[in-house]
Amino acid sequence: MSNVQNLTELLKDARENRYAVGSFSARYTKLIKPIIQAAVNTNSPVIVQLSEKEVIRHKVGVKEFADEFYRVVKELDPQVPLALHLDHTKTLDVIREAMDAGFTSVMIDASEMEYADNVAVTKEVVAMAHPRNITVEAELGKIGTTDFVETDKDEEMYTDPQEAKSFCEETNVDCLAVSVGTAHGVYTVRQPKVDYAILEAINKLTDTPLVLHGGSGVPSEMVTKAAQMPSGGVSKVNIATDLELAMLAVVGREGHMTEAELNAYPEDVIEKCQEAVRLLVEDKIKNYLLSAGKAPEIVKHFSTVYFRTEESMAGTQN
């Protein structure tokens, strides 16, 4: 049986052994398979993700995305740890839909709210998710953006370490996205940076694994340094825009497409897009995340396998 999991063991092993697990935004159902195939080829754990804004922008359904993820899992039978994660989401109904569809992890992004409101909403999602063995990611601080796919505002506010400690204790969240200098999207005028001192300070105050958003375009040496910090560094790195750019380069387009537009291309073009994405993900795993070859050690510690079967999903499809 394939190793579909929540984030608990994946991020625990990454934190302890000083590497990061890649959380790759497929954005289109056709790009799920090359992400998983890259993980198989490199013997690496991997997280496949989709955000609420991507659902809207690319016109791909949450259940449609989950269905394709589990179809690929059944086809490939990958013996590496996998997770299906709902990235930046502000709407509780979308989070519920993802849980019912078979997502093993969800992110509630209430970072634009006041601290107390962020805590309250995050606690509500944790209460929904944990009884179903679904992990929860939250965000504290404000991560800037350049393309407004994940966030509405290009506003940045670094995460306060003491606040991070209190937030994790109050919410019992499973991992925390922190603002330390990266931004969502493509870096043009603005240059990426990572404030390692803040990462170190947060890690010394909490055992909650930390997440680095805005991984596309950040130099590999910055990410590897952040992952290998003795204090714990970052255990999960989100990579989204780079994958879409690799796909768009194949078809000679800029901007973005909808799910239907990509699916309308001939099969040979789609296969070239998939190959470009697979090669990119393999490179990120080997040279950016340092997670190649880490799968066997994680699998040893699995106690529960989250494999969505037709029988287990029967009650959510009526």
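The residues of the chain are indexed from 1 along the displayed sequence. Since this is a predicted model, take the numbers as computed values, not measurements.
Closest approach of Val21 and Ala14 over heavy atoms only: CG2-CB, 4.0 Å. What you find for Val106 and Ala98 is that their closest heavy atoms are CG1-CB, 4.5 Å. The nearest pair of heavy atoms linking Thr206 to Arg15 is O-NH2, 3.1 Å. A pairwise comparison of heavy atoms in Leu280 and Ala246 identifies CD2-CB, 4.1 Å as the closest pair. Residues Ala295 and Val80 approach most closely at CB-CG1, 3.8 Å, considering heavy atoms. Residue Ala138 comes nearest to Thr122 through the heavy atom pair CB-CG2, 3.8 Å, listed as atom of the first residue, atom of the second, then distance.
Linking Ile, Leu, Val, Met, Phe, Trp and Tyr residues whenever their side-chain heavy atoms come within less than 4.5 Å places Ile134 and Leu92 in a single cluster. The cluster map of Ile, Leu, Val, Met, Phe, Trp and Tyr, joined by side-chain heavy atoms under 4.5 Å apart, puts Tyr196 and Tyr158 in the same cluster. Leu262 and Leu279 end up in different hydrophobic clusters when Ile, Leu, Val, Met, Phe, Trp and Tyr side chains are linked at under 4.5 Å. Note on Ile56: it does not cluster hydrophobically with Phe65, by side-chain heavy-atom contacts below 4.5 Å among ILVMFWY residues.
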I would like to know whether Ile95 and Phe103 meet side-chain contact (heavy atoms from CB on, under 4.5 Å); could you show each step before the answer?
CA-CA 9 Å; Ile95 290 175; Phe103 279 69; over 6 Å; no
Test side-chain contact (heavy atoms from CB on, under 4.5 Å) applied to Leu248 and Glu254, step by step
CA-CA 6 Å; Leu248 289 170; Glu254 295 181 354; 5.9 Å; no
Please lay out, stage by stage, how Thr91 and Asp93 fare under the test side-chain hydrogen bond (donor to acceptor under 3.5 Å, both in side chains).
CA-CA 5 Å; Thr91 309; Asp93 283 346; over 6 Å; no
Would Val4 and Phe69 count as a side-chain contact (heavy atoms from CB on, under 4.5 Å) if you check the C-alpha gap in whole Å, the side-chain angles of each, and the deciding distance to 0.1 Å?
CA-CA 10 Å; Val4 179; Phe69 173 85; 4.1 Å; yes
From CA spacing to verdict: side-chain contact (heavy atoms from CB on, under 4.5 Å), Gln5, Leu10
CA-CA 8 Å; Gln5 288 284 318; Leu10 276 68; 3.9 Å; yes
Apply the test side-chain hydrogen bond (donor to acceptor under 3.5 Å, both in side chains) to residues Asn263 and Glu261: give CA-CA distance (whole Å), side-chain angles for both, the deciding distance (0.1 Å), then the verdict.
CA-CA 5 Å; Asn263 291 344; Glu261 285 176 317; over 6 Å; no
Given the rule in the side-chain hydrogen bond (donor to acceptor under 3.5 Å, both in side chains) test, do Asp87 and Asn238 qualify, once you have shown the distances and angles that lead to the verdict?
CA-CA 9 Å; Asp87 192 31; Asn238 285 22; 3.2 Å; yes
Hey, mind stepping through Tyr19 and Asp13 against side-chain hydrogen bond (donor to acceptor under 3.5 Å, both in side chains) and telling me if it holds?
CA-CA 8 Å; Tyr19 66 92; Asp13 191 78; 2.6 Å; yes
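Rounding to the nearest 0.5 Å places CG of Asp283 at 11.5 Å from CZ of Arg278. To the nearest 0.5 Å, the span separating CG on Asp160 from CG on Leu205 amounts to 9.5 Å. Between the CD1 atom in Ile35 and the CD atom in Gln274 there is a gap of 10.5 Å [rounded to 0.5 Å]. Residue Leu176 holds its CG atom at 6.5 Å from OG1 of Thr159, rounded to the nearest 0.5 Å. Remark: Gln228 CD to Leu290 CG distance equals 5.0 Å, nearest 0.5 Å. Atom CG of Asp77 and atom CD1 of Ile36 lie 11.5 Å apart (nearest 0.5 Å).
Checked for salt-bridge contact, Lys33 and Glu68 miss the test: no charged N lies under 4.0 Å from a carboxylate O. Looking at Glu259 and Lys59, no side-chain N of the basic residue comes within less than 4.0 Å of a carboxylate O on the acidic one, giving no salt bridge. Between Lys225 and Glu221, none of the side-chain N atoms (NZ, or NE/NH1/NH2) sits under 4.0 Å from a carboxylate O, so this pair counts as no salt bridge. Comment: Asp100 does not engage Arg96 in a salt bridge, judged by the lack of any side-chain N to carboxylate O separation of less than 4.0 angstrom.
A donor-acceptor pair is defined here as one N or O able to donate and one able to accept, closer than 3.5 Å; such a pair exists between the side chain of Glu64 and the backbone of Gly61. Asn118 places no side-chain N or O within donor-acceptor distance of the main-chain N or O of Met113, the cut-off being under 3.5 Å. Put simply, the side chain of Tyr70 gets close to the backbone of Gly102: a donor and an acceptor are under 3.5 Å apart. At least one donor-acceptor pair under 3.5 Å links the side chain of Thr135 to the backbone N or O of Leu7.
Take Thr89 and apply the side chain to side chain donor-acceptor pair (under 3.5 Å) test, not counting sequence neighbours, and it matches no residue. Lys272 pairs by the salt bridge (Lys or Arg N to Asp or Glu O under 4.0 Å) definition with nothing, not counting sequence neighbours. Evaluation of the side chain to side chain donor-acceptor pair (under 3.5 Å) rule for Tyr115 yields Glu170 as partners, not counting sequence neighbours.
Leu210 has its side chain within reach of Leu199: a pair of non-hydrogen atoms, C-beta onward, lies under 4.5 Å apart. Contact of the His85 side chain with the Thr104 side chain is not registered, since no non-hydrogen atoms from C-beta on lie closer than 4.5 Å. Put simply, the side chain of Lys30 does not reach to within 4.5 Å of the side chain of Tyr265, judged on heavy atoms. Inter-residue side-chain proximity for Leu243 and Arg27 is flagged as unmet; no heavy-atom pair is nearer than 4.5 Å. Contact check for Val136 versus Met107: no side-chain heavy atoms found under the 4.5 Å cut-off. Within the 4.5 Å cutoff, the side chain of Ser51 has no heavy atoms near those of the Ser25 side chain. Under the 4.5 Å side-chain criterion, counting only non-hydrogen atoms from C-beta, Thr258 is not in contact with Tyr28. Inter-residue side-chain proximity for Arg18 and Pro230 is flagged as met; some heavy-atom pair is nearer than 4.5 Å.
Just one residue in the list Glu137, His213, Gln49 forms a side chain to side chain donor-acceptor pair (under 3.5 Å) with Ser23, and that residue is Gln49.
Under a cutoff of 6.0 Å and an axis angle of 45°, Lys284 and Phe24 do not form a cation-pi pair.
The local environment of CD in Glu114 is sparse, with at most 12 non-hydrogen atoms from other residues, nucleotides or ligands closer than 6.0 Å.
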